[in-house]
There are 2 protein chains.
Amino acid sequence: MQNISEEDYLGIIYKHKDKNGEVKANLIAEKLQVSNAAVTDMLKKLSRNGHIIYEKYKGIRLTEGGEVYAKNMVRRHRIWEVFLNQIVGMPWDKVHDEAHRLEHSGSDELIDRLEEMLEYPEYDPHGDPIPSKEGKVPKLRKHVQLAELKQGQAGTVIRVNDFDDQFLQYISKIGVKLNEPVLVKEKRRFDKSLQIIVKGKPWNISNKVAENIFIEIKKK
Amino acid sequence: MQNISEEDYLGIIYKHKDKNGEVKANLIAEKLQVSNAAVTDMLKKLSRNGHIIYEKYKGIRLTEGGEVYAKNMVRRHRIWEVFLNQIVGMPWDKVHDEAHRLEHSGSDELIDRLEEMLEYPEYDPHGDPIPSKEGKVPKLRKHVQLAELKQGQAGTVIRVNDFDDQFLQYISKIGVKLNEPVLVKEKRRFDKSLQIIVKGKPWNISNKVAENIFIEIKKK
DNA sequence: CATTATTTTTAAGCTTACTTAAATTTGGAT
DNA sequence: ATCCAAATTTAAGTAAGCTTAAAAATAATG
Ligand SMILES: [Mn+2]
Ligand SMILES: [Mn+2]
Ligand SMILES: [Mn+2]
Ligand SMILES: [Mn+2]
């Protein structure tokens with residue numbers, strides 16, 4: 001079995017499906033850094049072996065079997081991340097890339113043993129939910145992008161996007177981490193940048209950064 | 001980097017070089033379960049990129065750089081094995097296959113951290129030495145194949161070949177493990193099979209099995 | 001609704017790592 | 001020295017997963 005590419009495609013499809021369970025080919029190409037032509041080829045293959053439902057020019061959706069497979073890949077990835085962070089002591093801005101390589105190698109039995117060692121974590125180091133062996137996905141608390149908060153609003157970081165280590169390193173430096181309280185002190189109209197307060201200190205961040213940090217709003 | 005095949009070839013060459021540091025193509029083909037033609041192709045590639053010295057019809061040997069690379073692969077493999085056995089609790093007949101997949105994925109930093117967690121083990125679960133980060137290889141104590149022991153001789157198991165899980169499972173069942181004392185009670189000329197005593201119990205084993213168990217002879 | 005712009009697919013071609021079959025070289029055994 | 005068998009290489013071809021360039025379909029805009 002040398003399904004590394006297939007598995008990456010399936011994982012991406014799972015993670016980026018919309019409310020209708022559909023993904024556009026374009027997005028896959030971008031996320032995997034390959035050409036659109038490569039995506040079309042792989043979609044045909046995934047369709048042939050029953051992992052996705054694919055019709056020319058239509059949106060892509062996972063079959064039941066494909067969903068199971070893809071969800072398991074996400075599970076593998078996130079359990080590796082927790083292991084690397086918790087047991088190995090690797091910082092959260094490094095675990096994603098490392099896990100992305102390991103996710104294709106270990107057996108399911110190994111993953112299960114790691115999960116047991118970690119006492120069945122529900123979330124990975126970036127706040128993403130970890131599907132259980134049975135396929136149950138822990139619910140995420142209600143949340144919004146930090147970029148959507150109004151001036152004066154406050155909340156707690158409950159998830160961050162994990163796909164760019166530069167980004168993670170940057171927000172770590174300014175003190176943003178899971179469960180950290182954040183207050184929006186100022187919001188500027190012209191570039192949508194904001195000033196936030198973390199651990200009592202003020203920081204200016206771009207809208208792009210704020211779009212990748214997710215907040216549970218503090219009701220007062 | 002997607003050097004999985006290259007890395008496997010280099011690892012095999014390193015592990016099977018003779019006293020002159022040479023390996024025959026045939027052996028590589030057998031160990032990797034590929035055709036001789038495939039081996040020739042890869043040897044050319046490894047020669048091109050400076051990992052081996054290769055001349056048509058001559059024995060294969062690692063360059064200095066190739067040796068470093070190959071030794072590191074063996075290191076990665078064996079550290080994974082110890083980790084899986086010690087930390088994850090996986091039996092010694094399962095760790096080789098699992099490690100063989102993981103060895104290509106993790107970063108060197110991860111390997112170093114695992115090594116630290118394991119307190120710098122010198123040997124893997126089958127008694128094979130683990131090269132250090134600096135490339136030093138722990139010495140193996142003087143040993144012989146169990147098959148070479150004469151009737152009445154006794155000794156201690158210090159290494160077993162790890163490439164066949166059926167074999168490992170079998171010898172586990174009869175109580176053979178690292179540091180276990182063994183006595184040759186009887187040796188039969190016609191098929192070279194032997195009767196051995198392990199933990200007070202007698203067992204009949206084939207010559208083939210005895211060839212893959214290595215013994216430090218007890219001097220009396 | 002006609003015309004761009006964007007997305008997606010086709011077509012042709014490349015690289016890696018394999019395969020089988022045939023040719024060549026080598027190392028023994030007589 | 002000759003012959004044979006085993007080891008190795010060459011030749012030709014395949015499958016996976018990419019690429020770029022061009023064509024076709026769909027979506028967005030005036
Ligand atoms: Mn991740
Ligand atoms: Mn991956
Ligand atoms: Mn091994
Ligand atoms: Mn390997």
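In what follows, chains are A, B, ... by sequence order, proteins preceding strands, each numbered from 1.
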Check your understanding: Nearest to the side chain of B:Thr40, which nucleotide is it out of D:dT10, C:dT9, D:dC18?
Key -> D:dT10
Exercise for review: Report yes if at least one side-chain N or O of B:Tyr54 is closer than 4.0 Å to OP1 or OP2 of D:dT9; otherwise report no.
Suggested key: yes
Revision key, fill the gap. Among the nucleotides C:dT16, D:dC18, D:dT20, whichever has the atom closest to the side chain of A:Ser35 is D:dT20
Exercise for review: Find out whether A:His77 and A:Asp162 are in side-chain contact, i.e. whether some heavy atom of one side chain is under 4.5 Å from a heavy atom of the other.
Suggested key: yes
Review point. With respect to the phosphate group of C:dT10, does any side-chain polar atom (N or O) of A:Lys56 fall under 4.0 Å of OP1 or OP2?
Key: yes
Study note, to complete from the structure: note: B:Lys24, atom NZ; D:dA6, atom P; distance rounded to Å ~ 13 Å
Point to revise | Gap between atoms CG and P, on A:Asn36 and C:dA5 respectively (whole Å) | key: 19 Å
Exercise for review: Report the distance from atom CD of A:Glu6 to atom C1' of D:dA15, rounded to the nearest whole Å.
Suggested key: 13 Å
Check your understanding: Are A:Glu67 and A:Lys17 within salt-bridge range, i.e. N to O under 4.0 Å?
Key -> yes
Review point. What do you reckon, are the aromatic ring centroids of B:Tyr9 and B:Tyr54 less than 6.0 Å apart?
Key: no
Exercise for review: Could you work out which one of D:dC18, D:dT20, C:dC18 sits closest to the side chain of A:Ala37?
Suggested key: D:dT20
Point to revise | Short side-chain N/O contact from A:Lys44 to OP1 or OP2 of C:dT9, under 4.0 Å | key: no
Check your understanding: Which part of the nucleic acid, if any, lies within reach of B:Ala38 when heavy atoms closer than 4.0 Å are counted: base, sugar-phosphate only, or nothing?
Key -> base
Check your understanding: Over how many whole Å does the gap from B:Gln33 atom CD to C:dC18 atom P extend?
Key -> 12 Å
Check your understanding: NZ of B:Lys71: more than 12 outside heavy atoms within 6.0 angstrom?
Key -> yes
Practice item. Starting from C1' on D:dA7, measure out to CD on B:Glu22 and report it in whole angstrom. Key: 15 Å
Review point. Rounded to whole angstrom units, what separation is found between the CD atom of A:Glu55 and the P atom of D:dT26?
Key: 11 Å
Revision key, fill the gap. note: A:Arg48, atom CZ; D:dA15, atom P; distance rounded to Å ~ 11 Å
Practice item. Map B:Leu43 and A:Lys45 onto DNA chain D by nearest heavy atom, then report which one ends up closer to the 5' terminus. Key: B:Leu43
Review point. Of all the choices, D:dT8, C:dT8, C:dC18, which nucleotide is nearest to the side chain of B:Asp41 once you look at every atom?
Key: C:dC18
Practice item. Report the C-alpha distance between B:Asp18 and B:Lys24 in whole Å, list the side-chain angles of each, state the deciding distance to 0.1 Å, and finish with yes or no for salt bridge (Lys or Arg N to Asp or Glu O under 4.0 Å). Key: CA-CA 9 Å; B:Asp18 61 19; B:Lys24 277 176 277 167; over 6 Å; no
Point to revise | Nearest-neighbour nucleotide for the A:Tyr57 side chain, D:dT20, C:dT8, C:dT24 considered | key: C:dT8
Practice item. Could you tell me whether B:Asn26 contacts a base, only the sugar-phosphate backbone, or nothing, with contacts defined as non-hydrogen atoms closer than 4.0 Å? Key: sugar-phosphate
Revision key, fill the gap. Atom CD1 of B:Ile28 and atom P of D:dA7 are separated, to the nearest Å, by 14 Å
